[in-house]
Amino acid sequence: MPFTASDMSFAIGGVARLERVSLRLEVDAGCTVLMGANGAGKSLLLRLMNGLLEPSSGTLRWNGEAPRASVRRRQSFVFQRPVLLRRTAAANLDFVLALVPALDRAARADRRDDLLRQAGLADRASTQARRLSGGEQQRLALACALATSPDVLLLDEPTASLDPASTAAIETILADVRAHRTSVVLVTHDAHQARRLADAVVFLADGRVTEHTPADRFFDTPCSAEARDYLAGRLPG
C-alpha cells in the first residue's frame, strides 16, 4: 500500500506550511518516523496522509487513491492527546469493534479482551476511561486504533507528555504491531525514540522534506545540513 505525494503544498491563511513535497513511502511493514524541528510540518504531513486535511496544491495518494473514507478505513490515527468516549475502557473498545462487520458478538468480545491484554489494561476494563492515568488513556487510545486491524497506523507524538514507564509501554506495543506486519508512521521529536523504533526517517525543515533515508544511515551520516544541526542539538526539537 504505497503512499505518494507529488509536488504537494499546504497553506494556512496564504502562508505556506508545506512546500512542494514529493515523497514515496513503501509502507508495507516497518516504522517510518517523521522528524524535524518545531513547526517543520510533521503533524501537518501526517494529517494530510490521513485525509484530515486536503493539500492546497499537488496530489497525495495511497495505492493510487486519494485518502477518502474508503482508504481511511484501512488506516488508524492516534493523536498526542487521547480521544476517548465517556465510557469504560472495555466499552470504548466495544464501540470501535461494533464498526467491524466481519466480527460477530463473540468474536468482538474475544478481540476486545485480547486488545485490553495487549495494552496492559485487562484489570482496568471496567474503569471509566476518564479515570485512567494519562499513560493508560494513551494505551487505550492505541488499542482502539488497532481494533479495526488497520494496514497503516499513524501516530502524532503519542508519548510526548508521558513518563518514561508509560513511554516504554507504548513502544512495546508498537514493536509488537510492527512484528505483526502493520505499518507504522510516527511523528516524534525524541531522537532516542526514533533510534529505537525507526526503520526509515523522513526529515522535514521549514515545510520541506530534506531527507528520506534508512534510519541507520540517517543517524550515522545525515545528508542534509538541517538534519545534522537537529541531531547535534542546534535546532529545537
Side-chain angles (χ1 to χ4, degrees), residues 1-10 12 16-55 58 60-62 67 71-72 75-81 138 141-142 145 150-162 167 170-171 174-175 177-178 182-219 222-231 235-237:
M1 189 180 177
F3 164 80
T4 57
S6 299
D7 207 24
M8 182 186 69
S9 297
F10 181 80
I12 300 176
R17 300 299 179 90
L18 288 172
E19 294 190 74
R20 306 189 69 173
V21 170
S22 292
L23 180 67
R24 181 180 176 88
L25 303 180
E26 297 292 346
V27 283
D28 55 352
C31 178
T32 299
V33 169
L34 308 183
M35 296 185 71
N38 290 332
K42 307 181 297 294
S43 294
L44 284 176
L45 178 56
L46 198 72
R47 282 162 170 74
L48 286 158
M49 292 173 73
N50 189 237
L52 294 172
L53 299 171
E54 293 187 1
L60 183 154
R61 296 287 184 269
W62 285 99
V71 178
R72 285 203 301 271
Q75 307 173 15
S76 287
F77 197 108
V78 178
F79 295 89
Q80 182 174 338
R81 292 188 176 183
Q138 192 63 298
L142 180 52
D151 295 328
V152 181
L153 180 63
L154 308 173
L155 306 103
D156 190 5
E157 300 201 51
T159 64
S161 58
L162 301 184
T167 296
I170 294 289
E171 290 184 6
L174 293 180
V177 167
R178 289 169 59 206
T182 297
S183 298
V184 175
V185 181
L186 169 69
V187 170
T188 183
H189 66 278
D190 185 341
H192 297 292
Q193 181 174 74
R195 285 179 183 270
R196 291 190 294 269
L197 295 176
D199 296 296
V201 173
V202 174
F203 188 84
L204 294 99
D206 297 324
R208 298 174 294 108
V209 173
T210 67
E211 198 154 347
H212 176 206
T213 186
D216 53 355
R217 187 183 307 166
F218 175 82
F219 289 111
C223 296
S224 66
E226 295 91 343
R228 290 194 293 272
D229 286 344
Y230 181 85
L231 292 174
L235 291 176

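From a predicted model like this one, the values you see are computed outputs, not experimental measurements.
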Peer 1: Check Leu23, Val187, Asn50 against Leu45 for a side-chain contact (heavy atoms from CB on, under 4.5 Å) and give me the one that passes.
Peer 2: Leu23

Peer 1: With a 3.5 Å distance limit and no angle check, can you tell me whether Lys42 reaches the backbone of Ala37 through a side-chain donor-acceptor pair?
Peer 2: yes

Peer 1: What residues form a salt bridge (Lys or Arg N to Asp or Glu O under 4.0 Å) with Asp7, not counting sequence neighbours?
Peer 2: Arg20

Peer 1: Donor-acceptor pair, distance only, cut-off 3.5 Å: does the side chain of Thr159 make one with the backbone of Thr167?
Peer 2: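 Flag not set: sc Thr159 to bb Thr167 has no pair under 3.5 Å.
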
Peer 1: With sequence neighbours excluded, tell me which residues meet salt bridge (Lys or Arg N to Asp or Glu O under 4.0 Å) with Glu54.
Peer 2: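 Expected list: none.
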
Peer 1: Checking Arg47 now: which residues fulfil side-chain contact (heavy atoms from CB on, under 4.5 Å) with it, not counting sequence neighbours?
Peer 2: Ser43, Leu52, Leu53, Phe77, Phe79, Asp156

Peer 1: With Thr4, which residues qualify under side-chain contact (heavy atoms from CB on, under 4.5 Å), at least two apart?
Peer 2: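 Thr4: side-chain contact (heavy atoms from CB on, under 4.5 Å) contacts with Arg24, Arg61.
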
Peer 1: For Arg196, give me all partners under side-chain hydrogen bond (donor to acceptor under 3.5 Å, both in side chains), at least two apart in sequence or on another chain.
Peer 2: Glu171

Peer 1: So, for Pro222 and Leu231, which heavy atoms are closest and what is the spacing to 0.1 Å?
Peer 2: CG-CD1, 3.9 Å

Peer 1: List in chain and number order the residues that pass salt bridge (Lys or Arg N to Asp or Glu O under 4.0 Å) with Arg72, two or more places apart in sequence or in another chain; answer none if no residue qualifies.
Peer 2: none

Peer 1: Could you label the plane-to-plane angle of the Phe203 and Tyr230 rings as parallel, tilted or perpendicular, counting under 30° as parallel and over 60° as perpendicular?
Peer 2: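 Phe203 vs Tyr230 ring planes: perpendicular.
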
Peer 1: Against Glu157, only a single residue in His189, Gln193, Arg81, Gln80 fulfils side chain to side chain donor-acceptor pair (under 3.5 Å); can you say which?
Peer 2: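 When side chain to side chain donor-acceptor pair (under 3.5 Å) is applied between Glu157 and each of His189, Gln193, Arg81, Gln80, only His189 qualifies.
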
Peer 1: Is the backbone of Leu197 close enough, under 3.5 Å, to the side chain of Arg178 for a donor and an acceptor to pair up by distance?
Peer 2: yes

